[in-house]
2 protein chains.
Amino acid sequence: MAAMDLSLQQLRGFVAVAEELHYGRAAQRLNLTQPPLTRQIQGLERTLDVRLFDRTGRGVRLTAAGGVFLEHARRVLALLEVAPEATRRAADGTTGTLRLAFTAIGAYAVLADFLTMVGKRTPGVTAELTELVSPAQFEALANLEIDLGLVRPPIPAQFESLLVHSEDLVLAVPASHPLALGDGAVSLVDVTDDYIGYSPEGSQYLHDICAAMIGMDRYAVSQLASQVPTMLALVRAGLGCALIPRSIMAMGVEGVRYRELDAADAHSVTLHACWSPDNPNPALQRLAESLRLDPRLTT
Amino acid sequence: MAAMDLSLQQLRGFVAVAEELHYGRAAQRLNLTQPPLTRQIQGLERTLDVRLFDRTGRGVRLTAAGGVFLEHARRVLALLEVAPEATRRAADGTTGTLRLAFTAIGAYAVLADFLTMVGKRTPGVTAELTELVSPAQFEALANLEIDLGLVRPPIPAQFESLLVHSEDLVLAVPASHPLALGDGAVSLVDVTDDYIGYSPEGSQYLHDICAAMIGMDRYAVSQLASQVPTMLALVRAGLGCALIPRSIMAMGVEGVRYRELDAADAHSVTLHACWSPDNPNPALQRLAESLRLDPRLTT
DNA sequence: TGGACCGATACCGTGCTTGCATGGCCGCCA
DNA sequence: TGGCGGCCATGCAAGCACGGTATCGGTCCA
């Protein structure tokens, strides 16, 4: 009994006939002759086992079922209509999704501004955010699990990258600490207490820099943390001082004071946007292209 | 160059390959061999001018555009999937729309109950309501502009109908009227005032009945209205009495009292559901079939 | 480096769909 | 009321698109 299924030709034919209520005109509209149209509708009616038109000798009239099927057919054709354009836009990166990772510390400094910049350069692209430490980001970038990372150096040579932010470190001290009072720059040699250190796994870059600044002997003795809020909580509890990226100062924490470091001790830390040139995501390619042409991050 | 457009075969092929990420398995799933699938995808890519898969030698991988197109293809196929069933349901009246008309007066008495009854007999069918006087309903029924009417007699022979409601008339009098006080039955001969009459156009049936009950001489002299609320407002204003279907008593109006009529004067008025047997609306046919089998309106 | 796997291509056969011509039915009009 | 025109349905032959078989070419793995 012909369990044949619907074809788009049938749908288009049906919609044309339903709108014209006249096989001849509908056929003309479809650049067709009338007999094929008749057979298309017949096939449709046989497949659906439903009469779609009342043949009244004088033209045709939609049945109630025909009206329902008309709505469905129109929706199918409308969806089919927009699919190619949507696909092309996804292919050239006009629309799409950017899977973006950031370090816990990086988020505080630049994530919001970076997202704004991405939104301006590639409108229509949405971002999916994940927090990952830098080494995990490099692995995820290589596996195409993310498209873009906000990472600390060093950056493996296989990736393309752009300096996003550079800032120096400041000293966070407990409010009860002698150094909490002054407001000029302090030298690291004035700090006699322990330090709250960065975890060498979670924040290798900051760990290494701080270790170099202070010396491993004193740096290693205290708590290790990688989340900045955790570190500030430990500072506040009086367990020691900490070296913190300047941007974190925006985060006021009761019981914690910040001091500038002497120019001799200051050391800047950087954050980089980083991506794989091999990544096939068109949205990323479009953003990368834009960044190559104009690497400025403002505006 | 082939500005060829999409085919459902291509869509199904694409979805299968996108889900299996393997031409051979996808072909197997579609009861096909692999070469046609290759050509379908190639045709798709040519039509869209977009690469949908990355061929990596070892299997294939969806591109970002391919992922977008996959969603569209799935939606199209899903819509197409449900269309036949929805159409069949519309054809047998399981779903559909019933265009229902009612008289202004009929609405107060029985419309809600009637709709409840329709909802029980033909669940899935929705009602579209219009208010029309009975003659207009007959015309609309004949023109297939409505499917079902709630009308007053007489009903033209071409229609099928069912008694929906029968009730007698009661007398509405102004609160200031002498008759407003007692609570037994009154006789029409006790009414010495004018009557608020029904419009012979808007409410021909009630007009005729009342005219017969009272006599044209006294009935014709007063205000004519067809909307019951209007009539009650006129009664309340002391312009006269009115004969009102009993069900309207449920509508309490300040300043209006109701009195029973003597059995000798009581006259019942009826309301009928009415439809055209030729109406092709399957929802109506299903309801009519149900009413023929069991004309009781309760439950 | 040879074998296995996988997608692409070449070629051929078949079956669907189209167009042309015509039939059948209904409504209109003289 | 009979002829005519409009409209949908049908018969038939031709074209073409799609599927299957066989084979190629490239990649990965042992």
Side-chain angles (χ1 to χ4, degrees), chain A residues 1-63 66 70 143-144 278 280, chain B residues 1-63 65-66 69-70 73 143 278 280:
Chain A
M1 265 289 112
M4 212 193 75
D5 47 334
L6 312 174
S7 81
L8 289 180
Q9 304 253 33
Q10 289 174 323
L11 259 57
R12 283 191 245 271
F14 170 73
V15 170
V17 174
E19 287 177 352
E20 300 284 349
L21 294 179
H22 188 293
Y23 278 72
R25 282 194 298 273
Q28 193 173 345
R29 203 169 96 181
L30 297 171
N31 296 318
L32 226 60
T33 55
Q34 169 259 324
L37 258 187
T38 292
R39 283 190 285 264
Q40 283 176 4
I41 306 297
Q42 283 176 339
L44 219 44
E45 292 183 325
R46 209 175 322 122
T47 302
L48 299 174
D49 194 26
V50 157
R51 272 210 359 273
L52 297 171
F53 291 105
D54 283 329
R55 278 78 164 174
T56 63
R58 205 55 165 189
V60 293
R61 194 175 56 203
L62 265 183
T63 63
L70 177 58
N143 296 343
L144 297 182
D278 304 330
Chain B
M1 267 283 104
M4 212 191 75
D5 47 332
L6 312 174
S7 82
L8 289 179
Q9 306 253 30
Q10 288 174 322
L11 260 56
R12 283 191 245 270
F14 170 73
V15 171
V17 174
E19 287 176 352
E20 300 285 349
L21 294 179
H22 188 294
Y23 278 71
R25 282 193 298 274
Q28 194 172 345
R29 205 170 92 180
L30 298 171
N31 295 319
L32 226 60
T33 56
Q34 169 258 323
L37 258 186
T38 293
R39 284 192 291 264
Q40 284 177 3
I41 307 298
Q42 283 175 340
L44 220 44
E45 292 183 326
R46 209 174 323 121
T47 302
L48 299 174
D49 194 27
V50 156
R51 271 206 6 270
L52 297 171
F53 291 104
D54 283 329
R55 279 78 164 175
T56 63
R58 208 49 163 195
V60 293
R61 194 176 54 202
L62 264 182
T63 63
F69 188 69
L70 176 59
N143 296 342
D278 305 330

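Predicted, not measured: the structure shown is a model, and the values here were computed from it. Each chain gets a letter, A, B and so on, in the order the sequences are listed, and its residues count up from 1.
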I need the minimum non-hydrogen distance between A:Leu37 and A:Ala27, along with the two atoms involved. CD1-N, 3.2 Å
Would you kindly give the CZ-to-P distance between A:Arg61 and D:dC8, to the nearest whole Å? 14 Å
Quick one: how far along DNA chain C does chain B reach, first to last nucleotide 5' to 3', anything under 4.0 Å to a heavy atom? C:dC6 to C:dC11
Side chain A:Gln34 and base D:dA9 donor-acceptor under 3.5 Å: yes
Carefully, step by step, assess A:Glu19 and A:Arg29 under the rule side chain to side chain contact (heavy atoms under 4.5 Å, CB included). CA-CA 11 Å; A:Glu19 287 177 352; A:Arg29 203 169 96 181; 2.6 Å; yes
B:Val60 vs A:Thr33, nearer the 5' end of DNA chain C by closest nucleotide: B:Val60
Round to the nearest Å and state the distance from B:Arg12 atom CZ to D:dC18 atom C1'. 15 Å
In residues 23-32 of chain B, which ones come under 4.0 Å of DNA chain C, going by heavy atoms? B:Tyr23, B:Gly24
First locate atom CD of A:Gln42, then atom CG of A:Leu52, and finally report the distance between them rounded to the nearest 0.5 Å. 11.5 Å
Is the shortest side-chain N/O distance from B:Gln9 to OP1 or OP2 of D:dA17 below 4.0 Å? no
Would you sort out whether B:Leu48 and B:Phe69 count as a side chain to side chain contact (heavy atoms under 4.5 Å, CB included), showing the intermediate values? CA-CA 10 Å; B:Leu48 299 174; B:Phe69 188 69; 3.8 Å; yes
Check B:Leu30 against B:Gly13 and note the closest heavy-atom contact, atom names and distance. CD1-CA, 3.8 Å
Minimal heavy-atom distance between B:Glu45 and B:Arg55, with the atoms involved, is OE2-NH1, 2.9 Å
Between A:Gln40 (CD) and D:dA9 (P), how many Å, whole number? 13 Å
Would you compute the distance between atom CG of B:Asp5 and atom CD of B:Gln10 and round it to the nearest 0.5 angstrom? 8.5 Å
Between B:Leu8 and A:Leu6 the two heavy atoms that sit nearest each other are CD1-O, 3.5 Å
Whichever of A:Thr56 and B:His22 has its nearest DNA chain C nucleotide further upstream toward 5': B:His22
Starting from P on D:dG26, measure out to CG on B:Asp54 and report it in whole angstrom. 19 Å
Taking side chain to side chain contact (heavy atoms under 4.5 Å, CB included) as the criterion, tell me which of B:Thr33, B:Leu32, B:Val60 meets it with B:Tyr23. B:Val60
Rounded distance in Å - CD1 (A:Ile41) to P (D:dA9): 9 Å
Please report the closest heavy-atom contact between A:Leu144 and B:Arg61, naming both atoms and the distance. CD1-NH1, 4.0 Å
Closest non-hydrogen atoms of B:Thr63 and B:Arg51, given as atom of the first, atom of the second and distance, are OG1-O, 2.8 Å
Could you give the angle between the helix axes at the two ends of the helix from C:dT1-D:dA30 to C:dA30-D:dT1, with five pairs per end, rounded to 10 degrees? 20°
From CZ of A:Arg51 across to P of D:dC8 the rounded distance in Å is 15 Å
